[in-house]
Trainee: 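This is the structure I want to talk about, given as structure tokens.
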Amino acid sequence: MAEAADSQGMTPSPARRWLRRTAALLVGAPLFAGLLSATAAPAAHAATDAVSGQSVQVSLDSVAPQAPVKSDTLTISGTVTNNGKQAVTSAHVGLRVGQKLSGRSAIDEAARHSASPSASDGAELSDGPTAKFAKLDAGVSQDFTLSVPVSKLGLGDDGVYQLGVSLSGQSANQHYDQMLGIQHTLLPWQPDAVEGKKNQLTFLWPLISSSHLTAQTGSDAQQTPVFADDSLARGIGPGGRLEQMVSLGKQLPVTWVIDPDLLATVDAMTRNYKIKVGDTLVNGTSQDVAKAWLSQLEAAVQGEKVVALPFADPDLASLAHHGRDVPGSLGHLQTATEVAQKTIDTILHVTPSVDYAWPVDGAVDPSIVDVATSAGAHNVIARSDSLRDGALAYTPTAARPIGGGANAIVADARLSTAFQGDMSMANNSALAVQEFLAQTLATTLQDTDKQRSIVVAPQRMPTVSQAQTMATALHALDPQRWTQPLVDLGAASAAKPDPLATTRVPGTNAYPDALRQQELPLDAFQDMKDTQGTLERFKVILTAPDRVVTPFGNAINREMSTSWRGDSGGAQNYRSGVQLYLDGLADQVHLIQKSTATMSGRSATIAVTVQNKLVQGVDHLVLRIQPKSPTRLQLGDDGDAVGEQPVKVDGDRSQSVKFTAIANANGPVPVTARLYTQDGTPYGEPMEFTVQVSEITPTVMLVIAGGVLLLVLAGIRMYTHRKRSMAREESEGDDDPGQSNGSADADPGQPSDPTPDTGPESGATPGPGEKVDH
């Protein structure tokens with residue numbers, strides 16, 4: 001009557017409320033909040049237990065089999081730990097079978113409160129298994145194992161049941177049995193195959209890692225790669241995360257989702273490589289490990305569906321929200337996509353699909369979809385907590401059109417997040433497997449008239465324990481009682497879309513704030529733009545540009561990697577390191593500094609030296625020198641204000657470039673020298689030096705003038721002498737021969753006269769071949 005009154009909105013009297021509460025405590029105590037065991041306990045203590053909470057922690061290590069059938073024996077093992085301050089006596093562990101859960105939401109609720117008492121716990125199985133402990137001291141743990149035939153669990157219709165493992169006992173202050181701790185798990189019950197259509201399940205198996213290679217390479221012909229550390233060797237070695245992903249994945253029907261950068265990096269390890277240790281480089285020694293891992297992976301993916309992410313797994317959301325504001329950023333995504341297929345095909349000898357984009361956690365908005373499809377992908381792997389189907393009573397097929405020729409492959413959020421957290425704890429792992437199986441069964445039972453394609457996209461970089469837990473869960477589906485054999489992502493993408501499923505991409509404001517805070521900032525993309533600009537200016541002068549363009553192009557792609565989320569400092573350091581190293585290489589081609597050049601004459605040759613410390617040669621450079629006072633110092637025979645010469649220097653060589661200079665005045669003349677690319681873009685820093693003109697003086701000019709005067713006088717004397725000789729010859733022809741001897745002694749042009757001095761003075765103008773000091 002009280003329940004009827006409450007349901008009709010009536011307010012019972014205080015006396016009636018007191019009677020109702022007392023009756024509930026006395027009669028329903030074993031069921032209320034699971035605080036009392038099936039054996040009767042004083043009602044007065046029930047409220048006290050509810051306030052005091054649990055003092056014993058119950059942990060489950062394993063549930064086997066995870067999805068039993070009628071003929072099975074269920075075995076549950078675990079640990080109880082006394083977290084209270086008093087010892088527990090007369091303790092025992094027992095099983096409680098709760099009611100069948102009504103659907104996926106009920107499973108969610110049960111999982112959230114798996115360690116709390118529940119009104120649906122039910123009574124402890126009276127004839128069920130128990131593990132007894134005479135005494136459990138404070139802070140002490142004890143292991144237990146319970147085994148019971150499934151037939152004794154009293155399971156009814158197919159579905160998901162909540163199973164509780166509780167510890168009951170007494171304490172020094174409470175001398176009666178009470179439930180001191182409980183741990184729930186979920187038991188999927190489908191002893192026979194589903195009558196109707198079973199769901200198809202697609203599970204993505206990601207092979208993704210953070211960046212390990214630096215932009216630095218050796219100067220040898222092989223361009224020996226340099227690793228930031230040796231962590232990748234541990235990851236692909238025995239028991240490592242990536243080794244386990246391959247070892248486990250090859251036994252599962254999964255779709256491999258691979259970052260080509262990981263393959264390229266491991267492939268680099270198969271040859272000589274270096275590792276940075278502080279400021280020094282040491283030789284890497286894991287070539288055999290790298291070869292073994294690649295060989296194992298190649299064998300695992302043969303005949304399987306392989307999806308290639310763009311190179312280095314770029315952060316699509318960061319590109320959409322920040323990168324598009326910086327010109328050139330989307331071009332990196334295009335390049336990363338183009339190199340992806342070639343990398344996997346070359347290393348693994350399989351042709352991957354590059355038609356998929358995978359934003360972080362499957363969170364999408366219109367800008368993310370635009371960026372994701374800008375490089376050619378037509379399928380965006382989203383998640384159901386982003387594209388929500390709240391109006392449907394069932395989970396729809398994953399594939400659906402979202403406009404513009406693009407499709408969303410909507411992974412199930414519950415299944416995709418089932419293995420997050422610390423799976424190294426046996427309790428967490430065991431509960432995660434049971435919840436995953438329970439959710440897959442509940443999904444199928446939602447509507448057995450519809451065959452649906454369900455996609456699971458787990459975390460990008462599972463830990464070893466997470467990967468092992470995922471593999472355990474997938475193997476538990478091997479009997480295929482409520483799922484069909486796992487299908488690849490291509491088949492899931494081709495499935496017929498559900499016409500009732502949402503196709504509306506949520507707005508930008510719906511993007512989760514927690515994810516937005518982890519994005520690469522605008523400054524990051526500006527840094528990438530600056531690095532790309534430096535690379536463009538540098539590569540045009542190289543005779544073998546691929547030796548620089550390829551490693552730095554890959555490094556810029558790595559700067560956009562999703563793996564930098566949550567590590568803004570590491571991302572900034574990586575970008576700075578790439579830029580500094582590129583600047584250092586570009587600076588290997590430079591002008592050798594000179595301070596003063598002294599001209600020893602009016603015309604001379606000025607030499608400027610270009611040094612190339614790179615292994616490869618440089619070309620397509622122009623050296624320009626320009627005096628600041630072109631009226632005082634001119635260049636070339638035409639007296640130009642600017643001198644310009646092409647430059648080509650072999651690797652590890654220096655080249656002197658010579659310019660003819662003409663001085664018009666004495667004193668110092670500042671000169672600027674600078675390298676340019678052939679299109680006129682400045683290269684490197686300018687170099688300034690001084691040309692000291694010191695020998696064009698009045699004395700020098702006087703000497704020169706004196707020399708010229710002597711030449712003129714000598715010419716006049718020769719002319720006079722010749723004229724006199726001609727006159728004498730004419731006179732001798734007219735005179736009497738007997739008189740000729742009389743005039744010979746007075747002739748100043750006799751052969752005995754001294755020869756005229758017609759040589760130049762020592763102060764003559766120097767020739768153009770004289771050089772200046774440098």
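Starting from 1, each residue takes its place in the sequence as its number. Values reported hereafter were calculated over all heavy atoms of this structure, with side chains retained and with hydrogens, waters and symmetry mates removed. As the structure is a prediction and not an experimental result, all values here were calculated from the model.
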Trainee: Kindly check if the number of other-residue, nucleotide or ligand heavy atoms within 6.0 Å of CG (Asp679) is above 12?
Mentor: yes

Trainee: Are side-chain heavy atoms of Arg565 and Thr562 found at a separation under 4.5 Å?
Mentor: yes

Trainee: Taking the inter-plane angle between the rings of Phe552 and Tyr581 on a 0 to 90° scale, is it parallel (under 30°), tilted (30 to 60°) or perpendicular (over 60°)?
Mentor: parallel

Trainee: Would you say the side chain of Gln466 lies within less than 4.5 Å of the side chain of Thr463, judging by non-hydrogen atoms?
Mentor: yes

Trainee: Just to verify, which of Val455, Val254, Ile454, Asp488 counts as forming a side chain to side chain contact (heavy atoms under 4.5 Å, CB included) with Thr202?
Mentor: Val455

Trainee: Under the side chain to side chain donor-acceptor pair (under 3.5 Å) criterion, do Gln579 and Asp583 qualify, and how do the steps go?
Mentor: CA-CA 6 Å; Gln579 182 67 56; Asp583 288 340; 2.9 Å; yes

Trainee: Working note: Lys613 + Asp652, criterion salt bridge (Lys or Arg N to Asp or Glu O under 4.0 Å); need CA distance, chi angles, decisive distance, verdict.
Mentor: CA-CA 4 Å; Lys613 293 183 178 180; Asp652 199 23; over 6 Å; no

Trainee: Taking the side chain as C-beta and beyond, is there a heavy-atom pair between Tyr676 and Leu621 under 4.5 Å?
Mentor: no

Trainee: How about Ser493 and Tyr356: does a side-chain donor come under 3.5 Å of a side-chain acceptor?
Mentor: yes

Trainee: Check salt bridge (charged side-chain N to carboxylate O under 4.0 Å, His left out) between Arg241 and all other residues, then give those that pass, not counting sequence neighbours.
Mentor: none

Trainee: Could you pull out the closest heavy-atom pair between Met245 and Pro206, with the gap in Å?
Mentor: CE-O, 3.1 Å

Trainee: Can you tell me how far apart CD1 (Ile556) and CG (Leu582) are? Round to the nearest 0.5 Å.
Mentor: 8.0 Å

Trainee: Is a side-chain donor or acceptor of Gln645 paired with a backbone partner of Leu623 at a separation under 3.5 angstrom?
Mentor: no

Trainee: Which value, rounded to the nearest 0.5 Å, describes the distance between Asp412 atom CG and Phe436 atom CZ?
Mentor: 9.0 Å

Trainee: With rounding to the nearest 0.5 angstrom, report the CD to CG distance, Gln302 to Leu348.
Mentor: 8.0 Å

Trainee: Is any side-chain heavy atom of Val257 closer than 4.5 Å to one of Leu309?
Mentor: yes

Trainee: Within the distance-only criterion (no hydrogens, no angle test), does the side chain of Ser374 pair as donor or acceptor with the backbone N or O of Val371 below 3.5 angstrom?
Mentor: yes

Trainee: Quick test of your reading of the model: are Arg558 and Asp261 salt-bridged, counting only N-O distances below 4.0 Å?
Mentor: yes

Trainee: Just jot down the side-chain contact (heavy atoms from CB on, under 4.5 Å) partners of Thr417, sequence neighbours excluded, or say none.
Mentor: Arg383, Gln420

Trainee: Rounded to the nearest 0.5 Å, what separation is found between the CH2 atom of Trp564 and the CD atom of Glu559?
Mentor: 9.0 Å

Trainee: When you measure from the side chain of Thr543 to the backbone N and O of Gly617, does any donor-acceptor pair fall under 3.5 Å?
Mentor: yes

Trainee: Does the Ser386 side chain pair with the main chain of Ala363, one donor and one acceptor, at a distance under 3.5 Å?
Mentor: no

Trainee: Could you pull out all residues at least two apart from Asp355 that satisfy side-chain contact (heavy atoms from CB on, under 4.5 Å)?
Mentor: Ser353, His378, Asn379

Trainee: Within a strict 4.5 Å, meaning less than it, do heavy atoms of the Leu591 and Val608 side chains meet?
Mentor: yes

Trainee: Would you call the rings of Phe538 and Tyr683 parallel, tilted or perpendicular, taking 30° and 60° as the class edges?
Mentor: parallel

Trainee: Working to the nearest 0.5 angstrom, can you tell me the gap between Ser209 OG and Leu262 CG?
Mentor: 5.5 Å

Trainee: Measure from NZ or CZ of Arg460 to the centre of the six-membered ring of Trp358, then state whether that distance is under 6.0 Å and the direction lies within 45° of the axis.
Mentor: yes

Trainee: Please indicate whether Glu685 has more than 12 foreign heavy atoms, meaning atoms of other residues, nucleotides or ligands, lying under 6.0 Å from its CD.
Mentor: no

Trainee: Answer yes if the side chains of Ser654 and Thr609 hold a donor-acceptor pair under 3.5 Å, and no otherwise.
Mentor: no

Trainee: For Glu519 and Leu515, what are the C-alpha separation, side-chain angles and deciding distance, and is it a side chain to side chain contact (heavy atoms under 4.5 Å, CB included)?
Mentor: CA-CA 7 Å; Glu519 292 176 353; Leu515 292 180; 5.8 Å; no

Trainee: Between His321 and Asp365, does any side-chain donor sit less than 3.5 Å from a side-chain acceptor?
Mentor: yes

Trainee: Tell me, with the steps shown, if His332 and Ser329 meet side chain to side chain donor-acceptor pair (under 3.5 Å).
Mentor: CA-CA 6 Å; His332 296 305; Ser329 295; 5.8 Å; no

Trainee: Taking side chain as C-beta onward, heavy atoms only, is Ile275 less than 4.5 Å from Leu281?
Mentor: no

Trainee: Show your working on side chain to side chain contact (heavy atoms under 4.5 Å, CB included) between Asp315 and Val360 and close with a plain yes or no.
Mentor: CA-CA 7 Å; Asp315 191 333; Val360 174; 4.2 Å; yes

Trainee: Inspect the surroundings of CZ in Arg271 and state if more than 12 heavy atoms from other residues, nucleotides or ligands are less than 6.0 Å away.
Mentor: yes

Trainee: Output yes when a side-chain donor or acceptor of Thr373 lies under 3.5 Å from a complementary backbone atom of Asp370, and no otherwise.
Mentor: yes

Trainee: Apply side chain to side chain donor-acceptor pair (under 3.5 Å) to Ser576 and Gln572, showing your working.
Mentor: CA-CA 6 Å; Ser576 298; Gln572 177 63 63; 3.0 Å; yes

Trainee: Can you name the closest pair of heavy atoms from Gln296 and Ser247 and give their distance?
Mentor: NE2-OG, 3.2 Å

Trainee: Yes or no on side chain to side chain donor-acceptor pair (under 3.5 Å) for Thr472 and Gln468, after CA distance, side-chain angles and deciding distance?
Mentor: CA-CA 6 Å; Thr472 299; Gln468 292 170 342; over 6 Å; no

Trainee: Could you verify whether a donor N or O on one side chain and an acceptor N or O on the other, from Ser561 and Ser211, lie under 3.5 Å apart?
Mentor: no

Trainee: So how far is it from Arg537 CZ to Thr677 OG1, rounded to the nearest 0.5 Å?
Mentor: 9.5 Å

Trainee: I want to check something: taking the side chain as every heavy atom from C-beta on, are Val307 and Pro352 in contact at a cut-off of under 4.5 Å?
Mentor: no

Trainee: Of all the heavy-atom pairs spanning Val615 and Ser219, show the shortest one and how long it is.
Mentor: CG2-O, 3.0 Å

Trainee: Could you check whether any side-chain N or O of Gln223 sits under 3.5 Å from a backbone N or O of Arg547, counting only pairs where one atom can act as donor and the other as acceptor?
Mentor: yes

Trainee: Using atom types as modelled and distance alone, determine if a side-chain donor or acceptor of Thr280 lies under 3.5 Å from a backbone N or O of Lys276.
Mentor: no

Trainee: Thr214 and Ala228: which non-hydrogen atoms are nearest, and at how many Å?
Mentor: CG2-N, 3.8 Å

Trainee: Please assess Ser286 against Tyr273 for the test side chain to side chain contact (heavy atoms under 4.5 Å, CB included), listing each intermediate value before the final yes or no.
Mentor: CA-CA 9 Å; Ser286 299; Tyr273 68 98; 3.3 Å; yes

Trainee: Answer yes if the side chains of Asp220 and Thr224 hold a donor-acceptor pair under 3.5 Å, and no otherwise.
Mentor: yes

Trainee: Which pair of non-hydrogen atoms, one from Phe659 and one from Glu644, has the smallest distance, and what is that distance?
Mentor: CE2-N, 3.5 Å

Trainee: Give the C-alpha distance, both sets of side-chain angles, the deciding distance and a yes or no for side chain to side chain contact (heavy atoms under 4.5 Å, CB included) between Leu535 and Val548.
Mentor: CA-CA 8 Å; Leu535 181 61; Val548 173; 3.7 Å; yes

Trainee: Which heavy atom of Thr270 sits nearest a heavy atom of Ala290, and at what distance?
Mentor: CG2-CB, 3.8 Å

Trainee: Given side chains that start at C-beta, do those of Leu207 and Asp259 come closer than 4.5 Å, heavy atoms only?
Mentor: no

